2 protein chains.
Amino acid sequence: MEVSTAAPAHAAPLPVALADGVFPAGCPSRTVLDHITSKWGVLILLALSEGEQRWSELRRRAEGISEKMLAQTLKTLERDGLVSRKAQAVIPPRVDYSLTDRGYELSGLLVPLVAWAFDNADDIVSGQR
Amino acid sequence: MEVSTAAPAHAAPLPVALADGVFPAGCPSRTVLDHITSKWGVLILLALSEGEQRWSELRRRAEGISEKMLAQTLKTLERDGLVSRKAQAVIPPRVDYSLTDRGYELSGLLVPLVAWAFDNADDIVSGQR
DNA sequence: CAGGATCCAATCGGATACTG
DNA sequence: CAGTATCCGATTGGATCCTG
């Protein structure tokens with residue numbers, strides 16, 4: 001074997017509600033968690049944490065996303081009350097997306113996580129094979 | 001339209017490295033992010049944040065997970081150096097899983113996120129239709 | 001108990017074409 | 001510009017059976 005990191009003896013207590021059995025399958029929190037941790041959901045929320053943006057801008061920033069997935073992701077996040085959509089009836093059309101207060105609160109938790117992934121990525125990948 | 005929450009005028013600056021274009025497709029950080037935000041990855045990391053646990057225990061706690069997914073998820077997390085596996089050559093076999101230091105660091109960011117999802121879930125779902 | 005192997009259904013998700 | 005609609009291949013993931 002190689003450089004297998006030894007496990008620490010720590011064991012942090014979880015926030016009260018999560019303490020036992022993680023949380024039940026099929027319960028709303030699972031669904032919400034899936035939405036906000038989805039591949040593109042994270043990236044969209046992250047991009048929007050920098051402020052209001054248009055469809056085309058989001059498409060560029062969430063590099064690699066298809067129109068289908070962008071539409072679907074935005075719709076889900078909007079239904080969840082995390083993203084707000086403002087369309088203007090002009091030609092050409094203009095639609096701006098931004099975070100709601102709730103979405104902004106969430107992004108405060110998401111940003112550090114993404115930053116961590118970014119900072120640790122090279123290190124993690126280099127240990128593969 | 002209904003109770004569409006108005007968007008706040010806030011715009012938080014992102015940690016330096018993420019500032020523009022989110023981060024490129026195909027780069028390691030995307031992969032790592034996918035691992036740690038995967039449906040079951042989150043739940044396993046969360047469960048392990050409470051301390052070392054056995055296969056069967058993890059199966060129960062990550063309610064709804066199949067053996068296949070448990071094995072696959074654990075293997076991925078182990079390869080990423082987030083989870084440590086310790087097998088004892090006894091009969092019946094006993095295998096304990098725990099977080100590495102790196103994994104523990106990560107769980108510190110993950111727990112608040114999951115807690116948030118848990119706390120906001122009912123509120124979010126009730127606004128659907 | 002802790003998995004590995006296989007089969008197959010369901011979903012995901014990209015490419016393309018079209019519209020207001 | 002900002003989407004919607006459709007097709008269809010690729011991937012996911014569960015159920016089941018098997019093993020050390």
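The sequence lines fix the lettering, A, B, ..., with proteins before strands; numbering per chain opens at 1. Please read these numbers as outputs of a predicted model, since none were measured by experiment.
Between A:Gln88 and A:Val95, every side-chain heavy-atom pair lies at or beyond the 4.5 Å cut-off. Side-chain contact check for A:Glu105 versus B:Trp116: some heavy-atom pair is nearer than 4.5 Å. Residues B:Asp96 and B:Arg94 are in side-chain contact: their nearest non-hydrogen atoms beyond the backbone lie under 4.5 Å apart. In this structure, A:Trp40 and A:Leu43 have side chains that are in contact, with non-hydrogen atoms separated by less than 4.5 Å. By the 4.5 Å heavy-atom criterion applied to side chains, A:Glu57 and A:Tyr97 are not counted as neighbours. With contacts defined as side-chain heavy-atom distances shorter than 4.5 Å, the pair B:Glu50/B:Arg61 qualifies.
Put simply, CZ on A:Arg59 is 12 Å from C1' on D:dC1, counting in whole angstrom units.
Of all nucleotides in DNA chain C having an atom under 4.0 Å from a heavy atom of chain A, the first and last in 5' to 3' order are C:dG13 to C:dG20.
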Note to self: The test is side-chain contact (heavy atoms from CB on, under 4.5 Å); show your working for B:Leu113 and A:Leu113 and say whether it passes.
What the structure shows: CA-CA 9 Å; B:Leu113 185 70; A:Leu113 184 71; 4.1 Å; yes

Next item on the list: Using the side-chain contact (heavy atoms from CB on, under 4.5 Å) rule, take A:Val111 and A:Ser49 through it: C-alpha gap first, then chi angles, then the decisive distance, then the call.
Entry: CA-CA 8 Å; A:Val111 167; A:Ser49 75; 4.0 Å; yes

Next item on the list: Output, in order, the C-alpha distance, side-chain angles, deciding distance and verdict of side-chain contact (heavy atoms from CB on, under 4.5 Å) for B:Leu99 and B:Ser84.
Entry: CA-CA 6 Å; B:Leu99 294 181; B:Ser84 159; over 6 Å; no

Next item on the list: Would you mind building the protein contact string for nucleotides 4-20 of chain D? One character per nucleotide, 5' to 3', B for base within reach (heavy atoms under 4.0 Å), S for sugar-phosphate only, - for untouched.
Entry: B--B-----BBB----B

Next item on the list: Give DNA chain D the dot-bracket treatment, 5' to 3': Watson-Crick (N1-N3 with N6-O4 or O6-N4) or G-U (N1-O2, O6-N3) under 3.5 Å, [ ] crossing, | other strand.
Entry: ||||||||||||||||||||

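Note on A:Asp123 versus B:Arg102: salt bridge recorded, some NZ/NE/NH1/NH2 to OD/OE distance being below 4.0 Å.
Applying the 4.0 Å criterion to OP1 and OP2 of D:dG3, one finds that A:Tyr97 has a side-chain N or O inside that range.
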